Undergrad: 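There's a structure below that I have some questions on.
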Number of protein chains: 2
Amino acid sequence: MKAVTVYDIAKEANVSVATVSRVLNNTAPVKKETKERILELINKYQFQPNALARSLIKKETGMIGIILPDITNPFFPEVLSGFDQQARNYGYTFFLCDTMSANIDTADQYVRESEYLNVLTEKQVDGIVMLGGRIDLAKPGSELVSEVLEVSKRLPVLLINGNLPGSFYRVAMDERLGAELAARHLIELGHRDIAIVGGYRTLRNTIQRTASFTKTMEQYGLKVRKEWVLGEGFSVRNGEDCIRQLLEMPQRPTAVLCMNDLVAIGVLKGATKAGLKVPEDLSIVGYDDIPFASHCVPELTSVSLKVNELGQKAAEILHKLITRSKVPKTTLLEPELIIRESTCAFRK
Amino acid sequence: MKAVTVYDIAKEANVSVATVSRVLNNTAPVKKETKERILELINKYQFQPNALARSLIKKETGMIGIILPDITNPFFPEVLSGFDQQARNYGYTFFLCDTMSANIDTADQYVRESEYLNVLTEKQVDGIVMLGGRIDLAKPGSELVSEVLEVSKRLPVLLINGNLPGSFYRVAMDERLGAELAARHLIELGHRDIAIVGGYRTLRNTIQRTASFTKTMEQYGLKVRKEWVLGEGFSVRNGEDCIRQLLEMPQRPTAVLCMNDLVAIGVLKGATKAGLKVPEDLSIVGYDDIPFASHCVPELTSVSLKVNELGQKAAEILHKLITRSKVPKTTLLEPELIIRESTCAFRK
DNA sequence: TGGTTTTATGAAAGCGGTTACGGTTTACGA
DNA sequence: TCGTAAACCGTAACCGCTTTCATAAAACCA
């Protein structure tokens, strides 16, 4: 069944394709009865203009690409949801590009990001959002970075929570503030012995949070023990590993700051299994405030990134970039500490 | 900065665009040295063929649309992940179309599905997957159904877990088997008083599971109390509501089958808060086996839909449809009961 | 060696829209 | 009544690629 085109409509309406196009786009005045005749035919044949042809000449597609490492991590759907809410208002549709589904190693993931960058530009997307993944870890001058830089010359690229300030447009959370809020909260509850677990020691957010947390502690005259800063990863499993290690130490912390909620859940799980009561024996602060944070037992105190808002903001900024509005290189959002049940005052 | 085109390459290589196209697609023999010269230029200018132009004439885009209600529900990312793993092998990129982000009411959602159907066909996607949402609830003959039917005349449409067998291609879990497995498990643990909570009474999966569960019970000479079949929804909140209601009844069940894991988590949460021990005082079986099911305390016994596999299968089938291979109208996958810690033998 | 196939390439016609340009009408004010 | 601006509409070029058709040269075969 061949699809109907503007030519079919034009012929049957006894007008030129130009006129059809004009009523389609409301781009020039058309006589009322002509317009109605055309509209009727459009309706009759359920005519749908071919977006490819239109985009080809208009040089805009209304398509955006989002590259992220793993849609299975609940953090990302939340960002996506916010992004979608906002992007929809601008009429964008987006490609979801998952670079990690199916547990592949990071080298492969590097290739994936690169591949997607290619596919997306070939498909002529209006803009690209990169979220997490290798680009967050990449060093200035690395191959991936220069590739992204190259792409961003051709079309808007926005990093969410990305690294390398200055080189790229990015929207991110104020990591320092988040860690500071967590630190203040625990310190004010009377905790002195606090561990920091999870994350990657080479990742910007982990570094910044750790630094800020330490700094805040120091402002209160407290120290963070080196051996209590541990973990390499963002998974539940990682949290379980960490708490096991911590509980084996001669000196145990009374509170733990986790680099994300999955890790926090792991810690919670591990601690509970080891017979500890949370929060009485151990206070836990998560990070990200994913939806499940409020569904744990006990409900998790967590630094809320207002992730949804992050997504919304990203869509807003990307749209500005696409429409060539002035946009600051970096936009920071303020996190908020959501105090729930997994933290309480330290009791001797 | 204007993008480089086949013409630019052709001119500089002293050949026609046809030849460039031929080396690009390996579609006809080209003299070796000519080919090399062209390849070099392609590399030199980082030439990327415009996919729009190509798709316009080839009548295939390598793009797929996935319409789902709420990416924030962890069930969907898991399907997506599986879908992606497989779709990638075929070279597809996909649009994520969320019809519910931002908590809108269902009427609005109806419009969204319809809108996306339009947008996707205009963008000339090669196929569409519909997953959950209104189409699952729609009655034969309803406006949405006839619309989807109309679309599916033009391009392959695949329903995951969809309703209306016969009318559409669909891949789904064997709901009857899942409920049967859960029933058997609980019955063999000695439970006699079992509640069924969550879901929507008008939804196929809820109906089928309830029927199958009831039937299995009857095979053992047991009955399901009417007042213990309750709940309208798939949220944690809904689970909490249900368990509260159940605990207020004079007769309490000793086990609960939940229509998904979110509901199960709600039940777990509510029961724990009410001072019950899970599983000693109450056995809970979830449904879906989302990743978090294994992260709860206690870890959740759940009917595993092997959701990832569902996604993979969907991609496989959609690809077959796109390439016009023979495909059965309905494909059923077998669920599996994952026994963890939230169920145990009934003790008087 | 002459005929046939295969290789190698270009010219040009699309794919399905949008839009610049130009030519008629019609409307309107003086 | 006439001049000018606005309304209305068609022709044709163009977006960037693929593909058919035709042609010429090279390779193969008897």
Side-chain angles (χ1 to χ4, degrees), chain A residues 1-39 41-42 45-63 118-119 121-126 154-155, chain B residues 1-39 41-42 45-63 118-119 121-126 154-155:
Chain A
M1 186 172 62
K2 272 195 56 57
V4 0
T5 72
V6 276
Y7 287 90
D8 303 323
I9 303 287
K11 185 187 281 182
E12 190 160 340
N14 274 315
V15 296
S16 74
V17 288
T19 304
V20 176
S21 176
R22 283 193 265 261
V23 337
L24 236 34
N25 302 287
N26 248 320
T27 176
V30 173
K31 206 207 284 181
K32 197 174 167 215
E33 56 181 71
T34 314
K35 186 184 225 165
E36 277 170 3
R37 190 151 31 101
I38 293 175
L39 250 20
L41 288 170
I42 287 178
Y45 291 113
Q46 292 287 331
F47 168 68
Q48 294 178 301
N50 184 320
L52 297 177
R54 171 178 289 174
S55 297
L56 184 55
I57 193 161
K58 285 248 213 165
K59 291 180 176 324
E60 62 177 53
T61 56
M63 309 188 305
N118 252 290
V119 170
T121 52
E122 282 188 4
K123 292 211 188 305
Q124 314 295 120
V125 293
D126 290 340
R154 306 178 164 275
L155 51 89
Chain B
M1 188 171 63
K2 274 196 59 58
V4 0
T5 72
V6 276
Y7 285 92
D8 303 323
I9 303 287
K11 184 187 282 182
E12 191 159 340
N14 274 316
V15 295
S16 75
V17 290
T19 305
V20 176
S21 176
R22 283 192 265 259
V23 337
L24 236 34
N25 301 288
N26 248 322
T27 175
V30 173
K31 206 206 284 179
K32 196 174 168 216
E33 54 181 72
T34 313
K35 186 183 223 164
E36 276 170 3
R37 190 150 32 99
I38 292 174
L39 250 19
L41 289 170
I42 287 177
Y45 291 113
Q46 292 287 327
F47 167 70
Q48 294 177 300
N50 184 321
L52 297 177
R54 170 178 290 175
S55 296
L56 184 55
I57 193 163
K58 285 248 211 161
K59 289 177 177 328
E60 62 176 53
T61 56
M63 308 188 305
N118 252 290
V119 170
T121 52
E122 284 188 2
K123 292 211 189 304
Q124 314 295 120
V125 293
D126 290 339
R154 307 178 162 275
L155 52 89

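These numbers come from a predicted model, not from an experiment. Proteins get letters first, then strands, A, B, ... in listed order; numbering begins at 1 in each.
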Undergrad: Using the side-chain heavy atoms of B/I57, tell me which of these nucleotides is nearest: C/dG14, C/dT18, D/dC17.
TA: C/dG14
Undergrad: Tell me which of B/R22 and B/P49 sits closer to the 5' end of DNA chain D, going by the nucleotide each one is nearest to.
TA: B/P49
Undergrad: In terms of side-chain heavy atoms of A/R54, which of C/dG17, D/dC15, C/dT7 is nearest?
TA: C/dG17
Undergrad: Give A/D8 one of three labels, base, sugar-phosphate or nothing, depending on what nucleic acid heavy atoms sit under 4.0 Å from its own.
TA: nothing
Undergrad: Select base, sugar-phosphate, or nothing to describe what B/T34 touches, counting heavy atoms under 4.0 Å on all strands.
TA: sugar-phosphate
Undergrad: Where the side chain of B/K58 is concerned, which of C/dC15, D/dG10, D/dT19 is the nearest nucleotide?
TA: D/dT19
Undergrad: Show the numbers, then the answer: is there a side chain to side chain contact (heavy atoms under 4.5 Å, CB included) between A/V15 and A/K35?
TA: CA-CA 10 Å; A/V15 296; A/K35 186 184 225 165; over 6 Å; no
Undergrad: Shortest non-hydrogen contact from B/S55 to B/T61?
TA: OG-CA, 3.5 Å
Undergrad: Counting the atoms with a prime plus P, OP1 and OP2 as sugar-phosphate, which does A/V20 contact under 4.0 Å by heavy atoms, base, sugar-phosphate, or nothing?
TA: nothing
Undergrad: Does a side-chain N or O of B/K31 approach OP1 or OP2 of D/dA26 to a distance below 4.0 Å, or not?
TA: no
Undergrad: Measuring from the side chain of A/A18 (C-beta onward, heavy atoms only), which nucleotide among C/dG16, C/dA11, D/dT11 has the closest atom?
TA: D/dT11
Undergrad: So which atom in A/Q48 and which in B/N118 form the shortest heavy-atom distance, rounded to 0.1 Å?
TA: NE2-OD1, 2.6 Å
Undergrad: Need one value for A/T5: base, sugar-phosphate or nothing, where a base atom within 4.0 Å counts as base even if backbone is also close, heavy atoms only.
TA: sugar-phosphate
Undergrad: Specify the separation, in whole Å, of atom CD1 of B/I9 and atom C1' of D/dT18.
TA: 16 Å
Undergrad: Toward the 5' end of DNA chain C, which comes first, A/T19 or B/Y7, by nearest nucleotide?
TA: B/Y7
